[in-house]
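Just the heavy atoms: all of them, side chains too, but no hydrogens, waters or symmetry mates, feed the values below. Numbers restart at 1 for each chain; the letters A, B, ... are given by sequence-line order, proteins then strands.
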Amino acid sequence: MIKEIIYANLIETLDKLKLSHERDFVVEIPNIAEHGDYSTNCAMVLAKENKQAPRKLAETLIKELKKNKDYKKIEIAGPGFINFHLSPAFFQRIFWEIRRKGMDFGESDFGKEHKVLLEFVSANPTGPLNIVSARAAAFGDTLYRVMKKIGYAPAREFYINDAGNQVDILAESLELRLRELHGEVIGEFPYEGYHGEYVRELAQKINATDGVRVFMMTEKDRMERLKDFALTEILEMQRNSLERFGVTFEGWVSEKTLRAEGVVEEVLSYLTEADCTFEKDEAIWFASSKFGDDKDRVLMKSDGSITYFVPDLAYHLTKLQRGFDTLIDVFGPDHHGYVPRIRAAFRALGHDDSVLEIIFLQQVNLFESGERVKMSKRAGKIVTMDDLIDEVGKDAARYFFIARKANAHLNFDLELALQQNNENPVYYCQYAHARICSIIKNARKAKIWPRTFKKELIKRLNKTEEMNIIQKISDLPELLELIAVNREPYRLSVYVEELAAMIHRYYARYKIVSPKSKELSQARLMLLDTARNVLAIVFELMGISAPEKM
RNA sequence: GCGCCAGUAGCUCAGUAGGAUAGAGCAAUGGACUUCUAAUCCAUAGGUCAGGGGUUCGAAUCCCUUCUGGCGUGCCA
């Protein structure tokens, strides 16, 4: 909010001095304290168009800007930076504004009700969710929460691949386990089959309800029954895992349902009408290479079945039909070969493919005692999302997943996530919140209650540490915009760690509640109470708890 | 082979659409608890931003190239 104020003031001043400002400049927080609270490259950027030397232009600007009493000091530095030192009174005013907003602080209409569809997780319903899905869940959900907070109209969706090859294989695996349960010797389990223990559990479960009836069905009916059963069970399992993780979806879209609605035929006919399909080797192909893909792709296999691509494309088209103007897909690391073909299809059908945005999450490596935890899907040895939540808890898991840029590998240290000390950033940040709660509680003994605080108290806040905290909390609205625009939830963790550090430092240096001055105590407590509130807002966005006691 | 992503302190990572002397945390070393929670704080040390070229007033950031690692390159999803 402060950057915007200074920026607006600069524009106003430029206009007043009849100076040109075609090119855009920035107001930023310098990384060295001596360079002021804020600085701008304004004079450097606008020097050329105003035919003046940067420093000369800066001087002219400063002369005018100095009339504003909110600036304690304005200086020229280096090649023509303008450095602003703000007055305590200005920070105090900003502080009061933030305090008044309470939990609503950070909210805005920045997103202008843009309808954004966030598709994430969308795992195959063939087993428990893995840790990459967990990462996707944390990422997508946090982005959703941030967008929602600043006025977008986002929706979360999970696409269920409940038709096609993989579910057939799942049903076959289940049948084998069921036969095994009945004492049949099944020999070596198929390489491509689902080896996980959960398939055995499913077998027991269906055996309890259906018994031998399954085996009296025709082959076709039996496969249908097994498929339905497995899908329902596994989907329920996945939904539970996600809910434990604090993630819910506005929509669950079933591939099977889409197929039943005839969208597959529709998509095929669209593509054919667009004259970009052809037949070869008894299969129907999409000439995607004409639209930027490396090669052409099969739509209908030679056996008459459809590839994954067709219903998925249909699904994406429904997103457009439903009026979403931005489509964000969060994919795992193994899907980037898929992107050119879906973009190609958008173009082939005359849609602007720039509305489709694909974010790739890189893989997650688990570490325990410094060793990489080896996982093997085939041997059924994977660490699931539930295992992770059981092991380290929702808060730590979500925090660690959010705390990395999407396209960076994530090394997840299980021991670190469990540690309850300063090595663990989750605890460090949550402790700052708990610590403030504790101080507030303590202050009651001195008959000091945050709710009764008056505006006049802000004048007592003038220490550097106090100004720093106010500046940091005032950053939040801009931070949320940056996160939403660049799809970068990880910035929340950077922010919250910085704010927590300032709070701990402040606490260590100053006595907050002191019998010497009730007013000073109240003022400091008021500052911390507001900082606590900002922590709570950020925790809420990250989907982790704000403990009052630790 | 080709394509995508990454490479910043011993480790894990920041670096805010090209800006000022590249920053945190952990680990290391040395300090601070008669205290509102020491789950904390303070100080010291730590760097050829993978290598090499280029673009310009200025590059960790943009372009080219080499090296290293991950992933992709199915009539799987």
Closest approach to the side chain of [X], judged atom by atom: which nucleotide of [options] is it?
{"X": "A:His35", "options": "B:A77, B:A6, B:A20", "answer": "B:A20"}
{"X": "A:Asn161", "options": "B:A77, B:U12, B:A20", "answer": "B:A77"}
{"X": "A:Lys301", "options": "B:G70, B:C76, B:C36", "answer": "B:C76"}
{"X": "A:Tyr507", "options": "B:A20, B:C13, B:C36", "answer": "B:C36"}
{"X": "A:Ile439", "options": "B:C4, B:C36, B:C13", "answer": "B:C36"}

Could you check if the base of B:A24 is syn or anti? Syn means the glycosidic torsion is within 90 degrees of 0.
anti
Does the structure show a Watson-Crick or G-U wobble partner for [N], both distances under 3.5 Å? Name it, or say none.
{"N": "B:U56", "answer": "none"}
{"N": "B:C49", "answer": "none"}
{"N": "B:U40", "answer": "B:A32"}
{"N": "B:C26", "answer": "B:G10"}
{"N": "B:G18", "answer": "none"}
{"N": "B:U61", "answer": "none"}
{"N": "B:G74", "answer": "none"}

Quick test of your reading of the model: are [X] and [Y] salt-bridged, counting only N-O distances below 4.0 Å?
{"X": "A:Asp353", "Y": "A:Arg347", "value": "yes"}
{"X": "A:Glu357", "Y": "A:Arg487", "value": "yes"}
{"X": "A:Arg55", "Y": "A:Glu59", "value": "no"}

Counting any heavy atom closer than 4.0 Å, what does [X] reach on the DNA or RNA strands: base, sugar-phosphate only, or nothing?
{"X": "A:Tyr510", "answer": "base"}
{"X": "A:Asp281", "answer": "base"}
{"X": "A:Val513", "answer": "base"}
{"X": "A:Ser305", "answer": "nothing"}
{"X": "A:Ala501", "answer": "nothing"}
{"X": "A:Ala77", "answer": "base"}
{"X": "A:Leu482", "answer": "sugar-phosphate"}
{"X": "A:Lys511", "answer": "base"}
{"X": "A:Ile29", "answer": "base"}
{"X": "A:Tyr490", "answer": "sugar-phosphate"}
{"X": "A:Met44", "answer": "base"}
{"X": "A:Arg341", "answer": "base"}
{"X": "A:Phe360", "answer": "nothing"}
{"X": "A:Glu498", "answer": "nothing"}

Donor-acceptor pair present, A:Asn83 side chain and B:A20 base, under 3.5 Å
yes
Pair of N/O donor and acceptor under 3.5 Å linking B:C75 base with A:Ser302 side chain:
yes
Calculate the interatomic distance between [X] atom [atom1] and [N] atom [atom2]; express it in whole Å.
{"X": "A:Asp413", "N": "B:C13", "atom1": "CG", "atom2": "P", "result": "11 Å"}
{"X": "A:Arg491", "N": "B:A24", "atom1": "CZ", "atom2": "P", "result": "18 Å"}
{"X": "A:Ile76", "N": "B:G19", "atom1": "CD1", "atom2": "C1'", "result": "16 Å"}
{"X": "A:Lys295", "N": "B:G1", "atom1": "NZ", "atom2": "C1'", "result": "13 Å"}
{"X": "A:Lys518", "N": "B:C36", "atom1": "NZ", "atom2": "P", "result": "19 Å"}
{"X": "A:His504", "N": "B:A39", "atom1": "NE2", "atom2": "C1'", "result": "8 Å"}
{"X": "A:Leu525", "N": "B:C36", "atom1": "CG", "atom2": "C1'", "result": "9 Å"}
{"X": "A:Asp293", "N": "B:U73", "atom1": "CG", "atom2": "P", "result": "12 Å"}

Counting only side-chain nitrogens and oxygens, does [X] get under 4.0 Å of the OP1 or OP2 atom of [N]?
{"X": "A:Arg509", "N": "B:A32", "result": "no"}
{"X": "A:Tyr428", "N": "B:C41", "result": "yes"}
{"X": "A:Tyr495", "N": "B:G15", "result": "no"}
{"X": "A:Asn407", "N": "B:A6", "result": "yes"}
{"X": "A:Arg404", "N": "B:C13", "result": "yes"}
{"X": "A:Arg435", "N": "B:A39", "result": "no"}
{"X": "A:Lys405", "N": "B:U8", "result": "no"}

Distance-only, no hydrogens or angles: does the A:Arg491 side chain make a donor-acceptor pair with backbone N or O of A:Ile483 under 3.5 Å?
no
For a quick check under 3.5 Å, do A:Glu157 and A:Tyr315 share a side-chain donor-acceptor pair by atom type?
yes
Does a donor on one side chain and an acceptor on the other come within less than 3.5 Å for A:Thr530 and A:Asn533?
no
Using the ring-ring contact (aromatic ring centres under 6.0 Å, His included) rule, take A:Phe291 and A:Phe346 through it: C-alpha gap first, then chi angles, then the decisive distance, then the call.
CA-CA 9 Å; A:Phe291 302 92; A:Phe346 266 59; over 10 Å; no
OH/A:Tyr507 to CZ/A:Arg435 distance, rounded to the nearest 0.5 angstrom?
4.5 Å
A:Asp293 and side-chain hydrogen bond (donor to acceptor under 3.5 Å, both in side chains): which partner among A:Arg297, A:Lys290, A:Lys295?
A:Arg297
